[in-house]
Amino acid sequence: MEKVLKVDVVKNLKLGIAFINKDNLYDCIIINYYKFLQGHKIELGNLLSWFCNVYLPSEFDVSDIRANELDGNKTIGKIRFLLPEIESVVHQYLMYVKYGEVNRDLFEMETGSFKFNDIPSKVNDKYAYASSDDIKNELYCLFSDQSGLSYISRFKEQYDTLFKLILTEKVNISEFLPYQLNRINWLMDRRTIIKDEQGWLSFNKNRVNLLADYYSNDVICIHYLNNQLKSELDKMVLNGDFKIESTLFSKPECNYINYYLNKTTYSNSLDLRNKYVHGKNTSTLEEQNRDYIKILKIMLLVIVKINEEFILSSDIHENYLVLD
């Protein structure tokens, strides 16, 4: 299974095919939506100002966070206007979480920058991340096609991971080779694999659901878990396998934002924020239009994440779907 993003020791981001294809797909979706709204004389870039100035006050009685509408019709002007507005909204949210309000005088006087990774959350126990070598080894055994645990003579190379093998077939422990048994027994000691009296293997459903979620996303969003999964995660946290953090953006989301906007994390990032703010951007309209679409995606991510914060910290969050 290919990981979406891969990072080597020099912080050079290697983009997998899955990431490129998904990113291009989302670009196409935003482009079509942008054109649809244009046909109705609506500018998608003004969604940020509507969200801050209209939606938050009406839905959550929050009027501290403000944003301006775009000024001008040229793409380059929209980009140079929207980038600092996005940063301004995130900075205002940082102050709102820290102080319970946005002091306009203090906000306008502040000159320091911030990192997207450091924006706090008003929601407790928001994200879980792997924190032990054992859990990382467990993820490797279950989900890597390099673990060597998916091959048994009955199915040969039909399955490329142990997870797919046991999930799909009825497998007996006697079918594994001696060199595989050490890790199979270790996974049983970890309560990940269960063996019945006849030697048939199955998964600890709650534990493996959590591990599969983490392997796919590099984060577990705790507030979308049902009570059984939360209870299982609590055990894993208590054992030191996972750690809990509360920030506005998850680590994968921060990596995504930083890849687009700056060189904080990756030396080969698009660095759109610095290019446009310092006038080092492309001069071709076609490329500017592509960059604007990417910046709109970051704007939408910021809106979704702040909206999620207010929902999860309010009474209506109980209506949200949870992971079964």
Side-chain angles (χ1 to χ4, degrees), residues 26 29-73 77-110 114 116 118-127 221-225 246-250 253-254 256-257 260-261 292-323:
Y26 290 152
I29 292 172
I30 298 300
I31 289 170
N32 288 331
Y33 188 48
Y34 180 79
K35 290 180 178 179
F36 171 80
L37 292 178
Q38 268 191 325
H40 292 77
K41 301 186 183 306
I42 298 173
E43 168 58 54
L44 180 56
N46 282 327
L47 182 62
L48 185 64
S49 64
W50 173 85
F51 174 74
C52 295
N53 303 333
V54 178
Y55 176 79
L56 288 180
S58 64
E59 292 295 321
F60 302 104
D61 196 26
V62 174
S63 56
D64 296 66
I65 303 171
R66 305 172 190 171
N68 296 303
E69 287 192 353
L70 297 179
D71 183 17
N73 295 317
K78 293 177 182 179
I79 293 174
R80 287 178 174 166
F81 189 92
L82 189 56
L83 281 169
E85 283 298 302
I86 292 172
E87 291 187 355
S88 172
V89 167
V90 174
H91 197 172
Q92 289 176 72
Y93 186 74
L94 184 156
M95 293 188 68
Y96 182 81
V97 173
K98 287 180 69 174
Y99 307 117
E101 63 177 2
V102 178
N103 183 302
R104 306 313 303 183
D105 293 333
L106 179 60
F107 173 72
E108 291 168 9
M109 285 191 300
E110 283 195 355
F114 64 86
F116 287 94
D118 298 332
I119 306 301
S121 171
K122 68 196 302 288
V123 179
N124 295 325
D125 300 336
K126 194 174 179 184
Y127 302 121
C221 299
I222 299 171
H223 287 266
Y224 295 95
L225 303 178
S246 292
T247 51
L248 174 59
F249 303 104
S250 68
E253 289 165 345
C254 286
Y256 185 78
I257 294 171
Y260 273 124
L261 297 187
Y292 185 48
I293 293 300
K294 296 183 184 302
I295 291 165
L296 286 174
K297 288 196 297 184
I298 300 301
M299 179 200 74
L300 292 171
L301 175 59
V302 168
I303 290 172
V304 167
K305 295 304 296 185
I306 293 178
N307 185 52
E308 178 190 54
E309 288 264 308
F310 283 105
I311 289 175
L312 290 178
S313 58
S314 69
D315 294 335
I316 62 175
H317 79 279
E318 297 296 338
N319 296 325
Y320 263 49
L321 294 176
V322 295
L323 179 64

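Residue numbers count from 1 along this sequence.
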Exercise. Would a 4.5 Å heavy-atom cut-off, applied to side chains only, mark Glu87 and Val90 as touching?
Worked result: no
dist Glu101:CD -> Phe107:CZ (nearest 0.5 Å) comes out at 14.0 Å
In terms of heavy-atom contacts, Pro57 and Ser63 come closest through CG-CA, 4.3 Å
Value for OH (Tyr224) from NZ (Lys126), rounded to nearest 0.5 Å, stands at 8.0 Å
Fill in: Heavy atoms from other residues, nucleotides or ligands near CG of Asp71 exceed 12 (cutoff 6.0 Å)
no
(request) Could you walk me through whether Tyr292 and Lys78 pass the side chain to side chain contact (heavy atoms under 4.5 Å, CB included) test, one step at a time? (result) CA-CA 8 Å; Tyr292 185 48; Lys78 293 177 182 179; 3.7 Å; yes
Here the gap from Ile31 atom CD1 to Gln38 atom CD, rounded to the nearest 0.5 Å, amounts to 11.5 Å
Note to self: For the residue pair Glu308 / His223, report whether a side-chain donor-acceptor contact shorter than 3.5 Å exists.
What the structure shows: no
**Prompt:** Would a 4.5 Å heavy-atom cut-off, applied to side chains only, mark Lys122 and Tyr96 as touching?
**Reply:** yes
Looking only at heavy atoms, the pair that brings Leu225 and Cys221 closest together is CG-O, 3.8 Å
When every non-hydrogen atom of Ser49 is compared with those of Ala67, the smallest separation belongs to CB-O, 3.6 Å
Would you indicate whether the side-chain heavy atoms of Tyr127 and Ser246 approach each other to under 4.5 Å? no
Could you go through Leu248 and Phe116, starting from their C-alpha distance and side-chain angles, then the distance that decides it, and tell me whether this counts as side chain to side chain contact (heavy atoms under 4.5 Å, CB included)? CA-CA 8 Å; Leu248 174 59; Phe116 287 94; over 6 Å; no
Output for pair (Asp125 CG, Ile222 CD1), nearest 0.5 Å, gives 5.5 Å
Between Gly45 and Met299, the two heavy atoms sitting closest are O-SD, 3.8 Å
Note to self: Could you tell me if the side chain of Ile30 sits less than 4.5 Å from the side chain of Leu300, heavy atoms only?
What the structure shows: yes
*If you draw a 6.0 Å radius around CZ in Phe114, do more than 12 non-hydrogen atoms from other residues or ligands fall strictly inside?*
yes
Compute the ring centroids of Tyr34 and Phe36, then answer whether they are less than 6.0 Å apart. no
**Prompt:** With a 4.5 Å heavy-atom cut-off, do Pro120 and Leu94 have their side chains touching?
**Reply:** yes
With sequence neighbours left out, the residues meeting ring-ring contact (aromatic ring centres under 6.0 Å, His included) with Phe51 are Tyr55
What one should report as the nearest heavy-atom pair of Asn103 and Met95 is O-CE, 4.0 Å
Here the gap from Tyr93 atom OH to Leu56 atom CG, rounded to the nearest 0.5 Å, amounts to 9.5 Å
Just so I know, are the side chains of Glu43 and Leu37 near enough to count as touching, which here means a heavy-atom distance under 4.5 Å? no
CD1 of Ile79 to CG of Leu70, rounded to nearest 0.5 Å, is 10.5 Å
Less than 4.5 Å apart, any side-chain heavy atom of Leu261 and any of Leu83? yes
Subject >> Main-chain N/O of Arg66 paired to Gln92 side chain as donor or acceptor, under 3.5 Å >> reply: yes
Query raised in the report: Should Phe60 and Asn307 count as side-chain neighbours, where that means a heavy-atom distance under 4.5 Å?
Result: yes
Original post:
Looking only at atom types and distance, does a side-chain atom of Asn53 sit under 3.5 Å from a main-chain N or O of Asn68, one as donor and one as acceptor?
Top reply: no
